[in-house]
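These numbers were taken from a predicted model, which means no experiment stands behind them. By convention here, the first residue in the shown sequence is residue 1.
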Amino acid sequence: GAVAAVCFDGSVLAWGHRSYGGTVPAVLHGENVRKVYSTAAAFAVICRDGSVVTWGHDQYGGDSRLVQEKLKDVAHICGTCAEGSDFEEGGRGR
């Protein structure tokens, strides 16, 4: 598994297994993140500008390339995936 945290300054830290999101993507370095969400093997963050960045296991929501252009002005994220893998606010998995 992996863990992600949003710091008071809006930066994101992640650690754990790389395949499950244990490494923060380079695009997030210096970003001002508002919220972090998680699945069993992926993370999504909403940045202060309303954009969304995802990372982790592709089959658990870590790859958002197909919808990336539409991920603007996002206020909240939720999902329905396989049991135990829906996005949870604050990085709390099931």
Side-chain angles (χ1 to χ4, degrees):
V3 178
V6 177
C7 301
F8 284 115
D9 66 0
S11 62
V12 176
L13 301 173
W15 60 96
H17 197 283
R18 183 180 192 96
S19 296
Y20 296 105
T23 303
V24 176
V27 69
L28 275 179
H29 294 286
E31 276 295 322
N32 203 351
V33 172
R34 219 172 44 210
K35 292 182 181 179
V36 63
Y37 299 85
S38 69
T39 67
F43 294 101
V45 296
I46 300 177
C47 299
R48 295 242 181 249
D49 66 1
S51 64
V52 173
V53 176
T54 62
W55 74 96
H57 198 288
D58 293 354
Q59 293 178 343
Y60 286 83
D63 183 358
S64 59
R65 287 178 291 184
L66 292 176
V67 295
Q68 192 62 49
E69 288 181 14
K70 297 177 182 179
L71 292 175
K72 298 175 182 167
D73 298 321
V74 174
H76 186 76
I77 297 172
C78 61
T80 56
C81 300
E83 183 179 3
S85 64
D86 51 323
F87 278 103
E88 298 271 342
E89 183 174 356
R92 296 179 306 270
R94 282 188 168 172

Open item on the list: Measuring from atom CG of Asp49 to atom CG of Asp73, what distance do you get when rounded to the nearest 0.5 angstrom?
Closed with: 8.5 Å
Task: Within-4.5 Å side-chain heavy-atom neighbours: Val12 and Val36 - done: no
Open item on the list: Minimum heavy-atom separation for Gly61 and Ala42, please, with both atom names.
Closed with: C-CB, 3.9 Å
- [ ] Taking all heavy atoms of Tyr20 and all of Ala41, pick out the closest pair and write down the distance.
- [x] CD2-CB, 2.9 Å
- [ ] Measure the shortest side-chain to side-chain distance between Ser64 and Val52 over non-hydrogen atoms and say whether it is less than 4.5 angstrom.
- [x] no
TODO: Measure the spacing between CD1 of Ile77 and OG1 of Thr39 and express it to the nearest 0.5 Å.
DONE: 11.0 Å
Task: Closest heavy-atom pair and its distance - Ala2, His17 - done: CB-O, 4.0 Å
TODO: Taking the side chain as every heavy atom from C-beta outward, state whether Leu28 and Trp55 have any atom pair closer than 4.5 Å.
DONE: yes
- [ ] Over 60° means perpendicular and under 30° means parallel, so classify the ring planes of His76 and Tyr37, tilted if in between.
- [x] perpendicular
Task: Non-hydrogen atoms of Val33 and Arg48 that approach each other most closely - done: O-NH2, 4.1 Å
- [ ] Consider only side-chain heavy atoms of I, L, V, M, F, W and Y, link residues closer than 4.5 Å, and tell whether Trp15 and Phe43 are in one cluster.
- [x] no
- [ ] Check whether Val24 and Leu13 end up in the same hydrophobic cluster, where Ile, Leu, Val, Met, Phe, Trp and Tyr are linked by side-chain heavy atoms less than 4.5 Å apart.
- [x] no
Task: Closest heavy-atom pair and its distance - Lys35, Val6 - done: C-CG2, 4.4 Å
